[in-house]
Amino acid sequence: MPHTLLRITTLALAALMASLCWFTPNLTRPDLYFAITVRPEFRGSAAGVALLRRYRAGVVVLAALALAAIAMCPETAFRLMPLTILAQAAASFVVFYRARAHVRPHAVSPTSIREAEAFPRRRSIPGGWLAACGPFVLMRWGDEYQ
């Protein structure tokens, strides 16, 4: 039973890592592509789409290999299952770095223009006043028992 739970957990982690790697290129500003400054319209160009497609194909292949290795791992080698996550992470970094190398010829110098909102933000305490008062209530409550 513990081996089955470890196998299920490792399968879930491998799938989570694959999904995070899948969405990583879209989590940055439009002028950053695989950690290289490019023109914002490069993402939608044929070269940008082809690079993203190749990167995601690599991520899918790595995920399939990791999931197959975990699923077919014998019960006697259950301690090796978490190592597949480490191997998947290292291989995903290599795939990302290769995609980055293909983006490098399309690099441009970063712009010196910075944007900021001109109106003040509404300031609020995260979690509200009740969450902010919690530590003070605990301090007061702790003093009673000393």
Side-chain angles (χ1 to χ4, degrees), residues 1-139 142:
M1 178 65 180
H3 304 306
T4 305
L5 183 61
L6 179 66
R7 187 180 308 270
I8 291 170
T9 304
T10 311
L11 284 168
L13 286 174
L16 177 66
M17 181 172 299
S19 64
L20 288 175
C21 290
W22 179 275
F23 291 110
T24 295
N26 294 336
L27 297 177
T28 60
R29 300 185 320 244
D31 61 333
L32 283 178
Y33 202 52
F34 292 99
I36 302 286
T37 303
V38 295
R39 296 185 195 282
E41 60 271 4
F42 177 72
R43 284 179 185 250
S45 70
V49 171
L51 283 168
L52 183 62
R53 189 176 297 128
R54 189 178 322 150
Y55 167 76
R56 286 184 171 167
V59 167
V60 168
V61 167
L62 290 175
L65 289 174
L67 292 173
I70 294 166
M72 296 185 338
C73 184
E75 293 295 322
T76 56
F78 73 94
R79 290 190 175 116
L80 297 177
M81 282 191 276
L83 290 178
T84 58
I85 300 297
L86 185 62
Q88 182 187 11
S92 296
F93 174 75
V94 170
V95 170
F96 184 89
Y97 202 73
R98 286 190 52 155
R100 186 176 189 274
H102 290 299
V103 173
R104 188 174 299 278
H106 304 282
V108 296
S109 59
T111 180
S112 61
I113 298 172
R114 302 291 182 240
E115 295 181 13
E117 294 181 5
F119 55 91
R121 292 187 323 192
R122 181 176 170 261
R123 295 184 182 177
S124 64
I125 297 173
W129 285 104
L130 187 62
C133 292
F136 299 107
V137 170
L138 291 175
M139 286 180 7

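It should be emphasised that the depicted structure is a prediction, and the values quoted were computed from it without experimental measurement. For the numbers below, each heavy atom of this structure counts, side chains included, while hydrogens, waters and symmetry mates do not.
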Criterion side chain to side chain contact (heavy atoms under 4.5 Å, CB included) on I36 and H106, from CA distance to verdict: CA-CA 9 Å; I36 302 286; H106 304 282; over 6 Å; no

Pairwise distance CH2(W22) to OH(Y55) - rounded to 0.5 angstrom: 10.0 Å

Counterpart residues, salt bridge (charged side-chain N to carboxylate O under 4.0 Å, His left out), relative to R53 (two or more places apart): none

Exceeds 12 heavy-atom contacts within 6.0 angstrom, atom CZ of R98: no

Audit row: L32, V38, side chain to side chain contact (heavy atoms under 4.5 Å, CB included) steps and yes/no: CA-CA 6 Å; L32 283 178; V38 295; over 6 Å; no

CZ on F42 to CG on D31, rounded to 0.5 Å: 13.0 Å

Residue from T10, L13, T9, L65 passing side-chain contact (heavy atoms from CB on, under 4.5 Å) with I70: T10

Distance, nearest 0.5 Å, that separates CZ of R56 from OG1 of T24: 9.5 Å

Donor-acceptor under 3.5 Å (Q88 side chain, A14 main chain): yes

Which residues share a side-chain hydrogen bond (donor to acceptor under 3.5 Å, both in side chains) with T28, sequence neighbours left out: R43

Side-chain (Y33) to main-chain (G48) donor-acceptor, under 3.5 angstrom: yes

Derivation and outcome, side chain to side chain contact (heavy atoms under 4.5 Å, CB included), residues V59 and F96: CA-CA 9 Å; V59 167; F96 184 89; over 6 Å; no

Candidates L62, T84, L11 - the one meeting side-chain contact (heavy atoms from CB on, under 4.5 Å) with L67: L11

